[in-house]
Asker: 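So that we are looking at the same thing, I have put the structure below in structure tokens.
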Amino acid sequence: NKVTALCYAGASKKLISGSEDCILVFWNMEVVRQETPDWAESDCCQRCTRPFFWNIKAMVDQKTIGIRQHHCRRCGKAVCDACSTNRSAIPIMGFEFDVRVCDECHSMISDDDRIPLATFHDARHCIIDMDLDETRFHLLTVGSDRVIKLWDVSSLLN
């Protein structure tokens, strides 16, 4: 969803974003995040070596039908559906919600790795602008519906 408004709370190191989907997100910026890997190019699954559907030669050689390609969001490898049956949140990489991961990566992701680095709040309107008074812990939002809201964000900035 498209982010429509941003502001930064320097004292608590939180980035606040508002978006078209009516969600306010408070991102913990104290944590150094990992860069997502580039997606690998491959003609076959990098886990089981089954050919993808465009790899005609391998399909003929192996006498099999090609399969659809996916990418693991943690390692970036090109994998088939059978080798990526799991999903997981990976907040350190920016994935706060479950995304496709290969089975090998899924086994290496711990419960601690899934701890969110952001909190999500229903703003109940599409936010187009916002302003933060950090000293008073007030967040002013303006919606596309022309409604102005004043939020007490003291519990979210501590």
Side-chain angles (χ1 to χ4, degrees), residues 1-42 45-47 52-54 67-158:
N1 292 319
K2 183 179 173 188
V3 172
T4 54
L6 286 172
C7 62
Y8 184 69
S12 61
K13 295 191 171 115
K14 298 256 172 78
L15 179 67
I16 306 166
S17 65
S19 61
E20 289 178 337
D21 62 358
C22 304
I23 302 293
L24 266 174
V25 185
F26 288 73
W27 302 89
N28 178 356
M29 299 308 288
E30 289 184 296
V31 178
V32 177
R33 288 175 171 70
Q34 292 177 6
E35 189 170 333
T36 58
D38 291 334
W39 283 3
E41 296 288 331
S42 181
C45 176
Q46 293 181 300
R47 295 286 182 219
F52 294 127
F53 65 85
W54 59 83
I67 53 178
R68 185 168 174 221
Q69 175 184 341
H70 302 284
H71 284 92
C72 174
R73 299 312 191 268
R74 185 173 178 272
C75 70
K77 289 188 176 177
V79 293
C80 68
D81 193 55
C83 292
S84 59
T85 59
N86 295 290
R87 297 193 179 342
S88 178
I90 317 170
I92 197 73
M93 297 178 95
F95 300 115
E96 291 289 334
F97 299 102
D98 288 354
V99 291
R100 182 181 293 272
V101 292
C102 68
D103 296 343
E104 184 177 323
C105 284
H106 188 266
S107 67
M108 294 187 284
I109 300 171
S110 70
D111 288 341
D112 287 345
D113 294 333
R114 292 182 180 93
I115 295 172
L117 298 177
T119 58
F120 298 79
H121 309 275
D122 186 358
R124 301 188 189 218
H125 68 161
C126 174
I127 297 168
I128 58 172
D129 198 12
M130 68 172 74
D131 188 60
L132 176 67
D133 181 344
E134 208 170 347
T135 59
R136 294 185 184 161
F137 299 104
H138 287 155
L139 178 69
L140 179 83
T141 61
V142 180
S144 60
D145 53 3
R146 297 185 180 163
V147 172
I148 298 171
K149 294 184 180 182
L150 184 62
W151 306 80
D152 175 357
V153 292
S154 56
S155 64
L156 301 169
L157 296 182
N158 291 327

Asker: Please list all pairs meeting salt bridge (charged side-chain N to carboxylate O under 4.0 Å, His left out) that have one or both residues in residues 145-158, counting only residues at least two apart or in different chains.
Answerer: none
Asker: Roughly how far, to the nearest 0.5 Å, is CD of Q69 from SG of C80?
Answerer: 10.5 Å
Asker: Could you pull out every donor-acceptor pair under 3.5 Å between side chains of residues 88-95 and any protein atom, sequence neighbours left out?
Answerer:
{"unit_1": "S88", "atom_1": "OG", "unit_2": "R114", "atom_2": "NE", "d": "2.9"}

Asker: Could you list the residues that satisfy side-chain contact (heavy atoms from CB on, under 4.5 Å) with S110, not counting sequence neighbours?
Answerer: D112, D113
Asker: Closest approach of E96 and A118, non-hydrogen atoms and distance?
Answerer: OE2-N, 3.5 Å
Asker: Please find the pair of heavy atoms, one from L139 and one from C7, that lie closest to each other, and give the distance.
Answerer: CD1-SG, 3.8 Å
Asker: If I take atom CD1 from residue I23 and atom CG from residue D122, how far apart are they, to the nearest 0.5 angstrom?
Answerer: 5.0 Å
Asker: Please list all pairs passing the ring pair (Phe, Tyr, Trp, His ring centres under 6.0 Å) test where one or both residues lie in residues 98-117, with sequence neighbours left out.
Answerer: none
Asker: Might you point out which heavy atoms bring Q46 and S42 nearest each other, and give the distance in Å?
Answerer: CG-OG, 3.7 Å
Asker: Quick one, R74 and M108 - any side-chain contact, counting heavy atoms below 4.5 Å?
Answerer: yes
Asker: Quick one: which residue pairs count as a ring pair (Phe, Tyr, Trp, His ring centres under 6.0 Å) with a foot in residues 121-158, not counting sequence neighbours?
Answerer: F26-H121
Asker: Which residues pass the side chain to side chain donor-acceptor pair (under 3.5 Å) test with E134, not counting sequence neighbours?
Answerer: none
Asker: Which heavy atom in C75 sits nearest to a heavy atom in P37, and how many Å separate them?
Answerer: C-CG, 3.5 Å
Asker: Atom CG of L132 and atom CG of L157: how far apart are they, to the nearest 0.5 Å?
Answerer: 6.0 Å
Asker: Which distance, rounded to the nearest 0.5 Å, do you find between the CZ of R47 and the SG of C105?
Answerer: 5.5 Å
Asker: Using the side chain to side chain donor-acceptor pair (under 3.5 Å) rule, collect all pairs that involve residues 24-40, keeping only residues at least two apart or in two chains.
Answerer: S17-W27
Asker: D129: which residues meet the salt bridge (Lys or Arg N to Asp or Glu O under 4.0 Å) condition with it, sequence neighbours left out?
Answerer: none
Asker: I need the full list of side chain to side chain donor-acceptor pair (under 3.5 Å) pairs touching residues 5-15, with sequence neighbours left out, sorted by first then second residue.
Answerer: none
Asker: Checking D103 now: which residues fulfil salt bridge (Lys or Arg N to Asp or Glu O under 4.0 Å) with it, not counting sequence neighbours?
Answerer: none
Asker: So I109 and N86, do their side chains get closer than 4.5 Å, heavy atoms only?
Answerer: no
Asker: Just to verify, what does R100 make a salt bridge (Lys or Arg N to Asp or Glu O under 4.0 Å) with, not counting sequence neighbours?
Answerer: D81
Asker: Kindly determine whether R124 and V147 satisfy side chain to side chain contact (heavy atoms under 4.5 Å, CB included), including the steps that lead there.
Answerer: CA-CA 10 Å; R124 301 188 189 218; V147 172; over 6 Å; no
Asker: Write down the atom of V79, the atom of C83, and the distance for their closest heavy-atom approach.
Answerer: CB-CB, 4.4 Å
Asker: Taking salt bridge (Lys or Arg N to Asp or Glu O under 4.0 Å) as the test, write out the residues that go with R136, two or more places apart.
Answerer: D133
Asker: Side-chain contact, heavy-atom cut-off 4.5 Å: E20 with C126?
Answerer: yes
